[in-house]
Amino acid sequence: MAKNIQVQHKLETERAVYADRVRFKQILYNLLSNAVKFTPKSGRISIECVEEGNFVRLSVTDTGIGIRAEDQAVVFEEFRQVEGSSGTTHEGTGLGLAITKRLVEQQGGKISLDSEPGKGSRFTFTLPVGSSKPASNVLPVREPSHPPTAAETNSRKPLVLVVDDELAARELLASYLDSEYRIVMAESGAEAVTKAQQLRPDAITLDVLMPGGNGFETLVALRKAPDTANIPIIIVSIVDQRQVGFALGAADYLMKPIRKPVLLEAIRKHVLPSEDDDAAILLVDDDPKTLELLEETLRSAGYETQSVQSGARALEVLSSKLVSAVLLDLLMPGMNGFEVIRHVRKEATLKDLPIFVMTAKTLAHEEIALLSRETQALFQKNGSWQQQLIVEVGKVVQSRKLAKSAGQS
C-alpha cells in the first residue's frame with residue numbers, strides 16, 4: 001500500500017501440495033517481501049501457480065530493479081547481497097534467499113531465478129503434489145495421531161504440550177520447538193488437562209482465548225491437580241494479562257506474535273537439560289537469521305544445537321549446562337566474541353571446550369594469532385563454509401568421544 005504496488009495472482013490448478021504449511025508460508029512470504037523491497041512505486045507483483053507433472057510450480061514475478069547476470073548465480077548463497085543499479089547494497093543479512101532455498105529443498109522441491117536488470121525478476125519454486133509419495137526428507141508438522149508410547153516417553157528429548165484452539169498456531173509453535181523437544185498437542189483446556197495428567201510433560205504452552213473455557217481456567221485446573229502442579233506453564237497469548245497469569249501460577253507469559261528465539265529461551269529457562277553424551281553445540285550470534293541457518297546446517301548433519309543472541313547469555317548457559325562445542329560470532333553488541341573467549345578460557349572447567357568462530361570481521365594479524373591459539377577453527381561468513389564446518393565439528397566431537405571412551409576403559 002505504501003508503494004502503491006499492485007499484487008495479482010493467477011491460479012491454474014487446484015491440486016494440493018505436500019508441504020509443511022508453516023514453512024510453505026515462510027517461503028512465499030520471503031519471496032513476496034523481497035519483491036516488494038526491490039520494486040519501485042506503482043510497480044506490479046504477480047503470483048502464478050500451475051501444475052507440472054508430479055509437482056506444482058509457483059512463481060513470484062516483480063517489475064523491480066532486476067538482478068545482473070553475474071549476480072544471479074550467487075543470490076541463493078549465504079551472506080551474499082547483490083548491488084542495485086546505483087551500486088548500493090540493500091539493507092539485510094543476505095540470508096533470506098539462502099533460507100528460502102533450503103526450505104524448498106527440504107520439502108522435495110527446487111527453486112530458480114530468471115531476471116533482467118531494469119525489467120524485474122521471477123523466482124520460481126516447485127513442491128510435490130499432494131497425491132504423490134513424499135520425499136524421504138520431507139517432515140511436515142502434523143497433529144500426532146496418538147499419545148507418545150512408553151518408549152517415546154523415555155527418549156532423551158523433553159516433552160512439551162502445546163495447547164491452542166487454532167491448528168495453525170499449534171503448527172507454528174511445534175515448528176519452533178520440534179528440533180529440541182518432543183511435541184504433543186491439545187486444542188482445548190479439557191484435552192490439555194487430560195493429556196497433562198497422562199503424559200506428565202516437561203512444560204506446557206497455553207493459549208488464553210479458547211472456546212469452552214479460557215486458558216486461565218485451565219491453568220488453575222493444572223495447578224490444583226497434584227500430578228500437574230509443578231509442570232512449568234508458559235502462557236502464549238494475544239491478550240496482555242501478565243499479572244493475572246503470574247498470580248495464577250504461570251511460569252512465564254509471552255505475547256503473540258511470538259518469535260522462535262523468544263519461545264525457545266522461555267522453555268529452556270524452565271526445562272532441565274537432559275543428560276546426554278551428545279551434548280548440544282551452543283550457537284552465539286546476535287542475528288536471528290544467521291542462527292536459523294546455522295541450526296539448519298548442523299541439525300541436518302545430526303547435531304543438536306542451542307542458540308543464544310548475546311555473549312552474556314552464552315556465559316550463563318555455559319555456567320549451568322554441558323555443551324559439546326561453541327560456535328561464536330565476534331561482532332556482537334555488549335560483550336563481543338573476544339570477551340566471551342577470554343571469559344571461557346579463564347574457567348578451569350571450560351579451558352578445553354572447543355570453540356569455532358564465524359565472523360564477517362576483517363581481522364588484524366594479532367587477532368588471527370589469538371584465535372589460532374584459543375579456538376579450533378575460523379570461518380568467514382562471506383565464504384562457502386557449510387561443508388568445512390561439518391568436517392571440523394565432526395573431528396572435534398569424534399576426538400572428544402574417543403578421549404572419553406579411553407578414560408572409561
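These values consider heavy atoms only, across backbone and side chains, with no hydrogens, waters or symmetry-generated copies.
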Less than 4.0 Å between a side-chain N and a carboxylate O, is that true for [Y] and [X]?
X      : Y      : value
Glu292 : Lys289 : no
Glu116 : Arg68  : no
Arg170 : Asp165 : no
Glu265 : Lys260 : no
Glu374 : Arg345 : yes
Glu105 : Arg102 : no
Lys361 : Glu367 : yes
Lys195 : Glu191 : yes
Arg44  : Asp62  : no

State whether the side chain of [X] and the backbone N or O of [Y] hold a donor-acceptor pair below 3.5 Å, judged by distance alone.
X      : Y      : answer
Thr297 : Gln386 : no
Thr290 : Asp286 : no
Ser307 : Leu283 : no

Pair Arg57, Glu48 - check salt bridge (Lys or Arg N to Asp or Glu O under 4.0 Å), show working.
CA-CA 8 Å; Arg57 188 181 78 235; Glu48 298 178 25; 5.7 Å; no

Once the angle between the rings of Phe76 and Phe123 is folded into 0 to 90°, is it parallel (under 30°), tilted (30 to 60°) or perpendicular (over 60°)?
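Taking Phe123 first and then Phe76, their aromatic rings stand perpendicular (interplane angle over 60°).
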
Please walk me through it: do Arg200 and Thr228 pass side-chain hydrogen bond (donor to acceptor under 3.5 Å, both in side chains)?
CA-CA 7 Å; Arg200 311 281 182 85; Thr228 58; over 6 Å; no

Can you name the nearest heavy-atom pair linking Val271 to Pro158, along with the distance?
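Scanning both residues completely, I find the closest heavy atoms to be CG1-CB, 3.7 Å.
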
Take Arg23 and Glu171, measure what salt bridge (Lys or Arg N to Asp or Glu O under 4.0 Å) needs, and give me the verdict at the end.
CA-CA 10 Å; Arg23 292 179 173 88; Glu171 286 182 334; over 6 Å; no

Short side-chain donor-acceptor distance under 3.5 Å, Thr305 and Arg299
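Yes, side-chain donor-acceptor contact under 3.5 Å.
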
Tell me, yes or no, whether the heavy-atom count around Ile238 atom CD1, taken from other residues, nucleotides or ligands under 6.0 Å, exceeds 12.
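No, the 6.0 Å shell around CD1 holds no more than 12 heavy atoms from other groups.
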
With sequence neighbours excluded, give me every salt bridge (Lys or Arg N to Asp or Glu O under 4.0 Å) pair touching residues 202-221.
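Listed by first then second residue: Asp207-Lys256.
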
